[in-house]
Amino acid sequence: MAHERSGPLKGLRILEIAGLGPAPFCGMLLADLGADVVVVDRLAAGPEDLDLGKHAVCNRGKRSIAVDLKHQEGVETVLRLVESCDAMIEGMRPGVMERLGLGPDVCLARNPKLIYGRMTGWGQHGPLAQAAGHDLNYIALSGALWWSGQPGDAPMSPPSLVGDIGGGSLYLAVGLLAGIMNARATGRGQVVDAAIVDGSAHMLNLMLGLKSAGQMHNERGVSLLDGPHWYRTYRCADGKFISVGAVEPRFYKLLLEKIGLKDDPAYAKGHDPAQWPLLHEGFVELFLTRTRDEWCALLEGTDACFAPVLDLDEAARHPHMVERGVYSRIDGVLQANPAPRFSVTQPAPPATIPVRGQDSEAVLRDWCGM
């Protein structure tokens, strides 16, 4: 049975060439918001494919058609689908789609209003365009990794995939939707080159503004967001962790009041970078005196800018996340529900994950009348 679509993108048709990481995530985001996303899968998984089956959350809400792109008949099938879609997503290395006979020129000739979305790490051109890479490499080159970690330690990539998802998937989604709006107004399609190095560099503009204002520095551990004792995570007595982010003076003052340091003259100089290492050590010792739950009881929900550091299962059970319905389990798989939220065109709950090729006949009938 077809998934009943709802959301602000209902009626939009997106064709996605199966791949890994940021391209499928972009397709999932659009499907979450109501678009009819059709994934062109291989007939069978290849030796290097990560076939997650029912755990492939990034395929939820999509339809799957299995096609052999090594044969002209399969290529022609995809081109028929191209004629009927608003946008296309591919995440191959530069030149691969052209060699398959599915490059932008061929596809735009079939559908002049098509928005052809290309998702890569390094971009479609440049000295590194043909090199392999992953999230860690892209954000390293763009500068986005530099402040990730403590002074003296090697920078460490956050597993939330700042590059792949933040600098890649989300920028591709915005680019596709912007392109579709323009195509509907002008009748002219185009190519969207979404490179993770571009997007992750663009995300640094807030930090670059702070750097220009003297608030962030190339030396790690001495800047507004990577050095102060009041913007860190701390271990508690039970081995669990909490976070404090009391950047503004009024929030910092409240934090000190709550944890019993409001009358300590050393902490009154808390915005002097020269004092940060010593004050950090004081916070380390203090937060080790209580469990995470005890600190939550004292600080959570106040303007001290506090939150416990939760694992994924704990996050799904937290009262705030439960009340907002942030997480759900579908077929036993924990996953986050669609975001953002809409007052009128609210998306449907996440749909199940398709089996490879299960929708081939239905998609060809719906999109191509075959």
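The heavy-atom pair separating P350 from Q335 by the smallest distance is CB-OE1, 4.1 Å. C107 and L79 get closest at one heavy-atom pair: SG-CD2, 4.0 Å.
Between atom CD1 of residue I17 and atom CE of residue M88 there is a gap of 4.0 Å, rounded to the nearest 0.5 Å. F283 CZ to Y267 OH: the interatomic distance, rounded to the nearest 0.5 Å, is 5.5 Å. In this structure, H55 NE2 and I353 CD1 are separated by 8.5 Å, a value rounded to the nearest 0.5 Å. For the atom pair CD of E294 and CD1 of I242, the computed distance is 12.5 Å after rounding to the nearest 0.5 Å.
Follow the hydrophobic side-chain contacts under 4.5 Å out from F306 and you reach L261 in the same cluster. In the hydrophobic cluster analysis, where Ile, Leu, Val, Met, Phe, Trp and Tyr join through side-chain heavy atoms closer than 4.5 angstrom, L172 is grouped together with L30. Hydrophobic clustering places V75 together with V78 (ILVMFWY residues linked when any side-chain heavy atoms are closer than 4.5 Å, directly or through intermediates). Residue L208 is grouped with residue M216 when hydrophobic side chains (ILVMFWY) are merged at heavy-atom distances under 4.5 angstrom, including chains of intermediate members. The hydrophobic cluster containing L204 also contains L210, counting ILVMFWY residues as joined when their side-chain heavy atoms lie under 4.5 angstrom apart, directly or transitively.
Each of D36, I65, V82 was evaluated against W367; a single residue qualifies, D36, per the side chain to side chain contact (heavy atoms under 4.5 Å, CB included) test. Residue V191 is tested with L114, D105, L108 for a side chain to side chain contact (heavy atoms under 4.5 Å, CB included); the sole match is L108.
Checked by atom type and distance alone, the side chain of S169 pairs as donor or acceptor with a backbone atom of D164 at under 3.5 Å. A donor-acceptor pair under 3.5 Å links the side-chain atoms of D311 to the main chain of D313, judged by distance alone. Without hydrogens or angle criteria, S84 side chain to C368 main chain gives no donor-acceptor distance under 3.5 Å. Between the side chain of S243 and the main chain of V309, no donor-acceptor pair closer than 3.5 Å is present. No donor-acceptor pair under 3.5 Å is formed between the side chain of R290 and the backbone N or O of A237.
Side-chain contact between M92 and R99 is absent, with no heavy atoms from C-beta onward closer than 4.5 Å. Using a 4.5 Å heavy-atom cutoff, the side chains of I330 and K54 are not in contact. With a 4.5 Å cut-off on side-chain heavy atoms, L224 and Y231 do not count as touching. Contact of the C305 side chain with the L255 side chain is not registered, since no non-hydrogen atoms from C-beta on lie closer than 4.5 Å. Side-chain contact check for E16 versus P24: some heavy-atom pair is nearer than 4.5 Å. Within the 4.5 Å cutoff, the side chain of N218 has heavy atoms near those of the K211 side chain. Looking at heavy atoms from C-beta onward, C85 lies out of side-chain contact with I14 at the 4.5 angstrom threshold. In this structure, Y234 and L286 have side chains that are not in contact, with every pair of non-hydrogen atoms separated by 4.5 Å or more.
Salt-bridge formation is detected for the pair D86/R184: a Lys NZ or Arg NE/NH1/NH2 atom is positioned less than 4.0 Å from an Asp or Glu carboxylate oxygen. Using a 4.0 Å cut-off between a side-chain N of Lys or Arg and a carboxylate O of Asp or Glu, D32 and R60 qualify as a salt bridge. Using a cut-off of 4.0 Å between Lys/Arg side-chain N and Asp/Glu carboxylate O, R292 and E300 are scored as not salt-bridged.
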Practice item. Apply side-chain contact (heavy atoms from CB on, under 4.5 Å) to the pair V174 and L170, showing each step before the final yes or no. Key: CA-CA 6 Å; V174 170; L170 301 185; 5.7 Å; no

Practice item. Check the pair H229, Y252 against ring pair (Phe, Tyr, Trp, His ring centres under 6.0 Å), reporting the backbone distance first and the verdict last. Key: CA-CA 10 Å; H229 53 294; Y252 177 64; 5.5 Å; yes

Exercise for review: Show the numbers, then the answer: is there a side-chain contact (heavy atoms from CB on, under 4.5 Å) between M321 and L310?
Suggested key: CA-CA 12 Å; M321 309 298 265; L310 305 177; over 6 Å; no

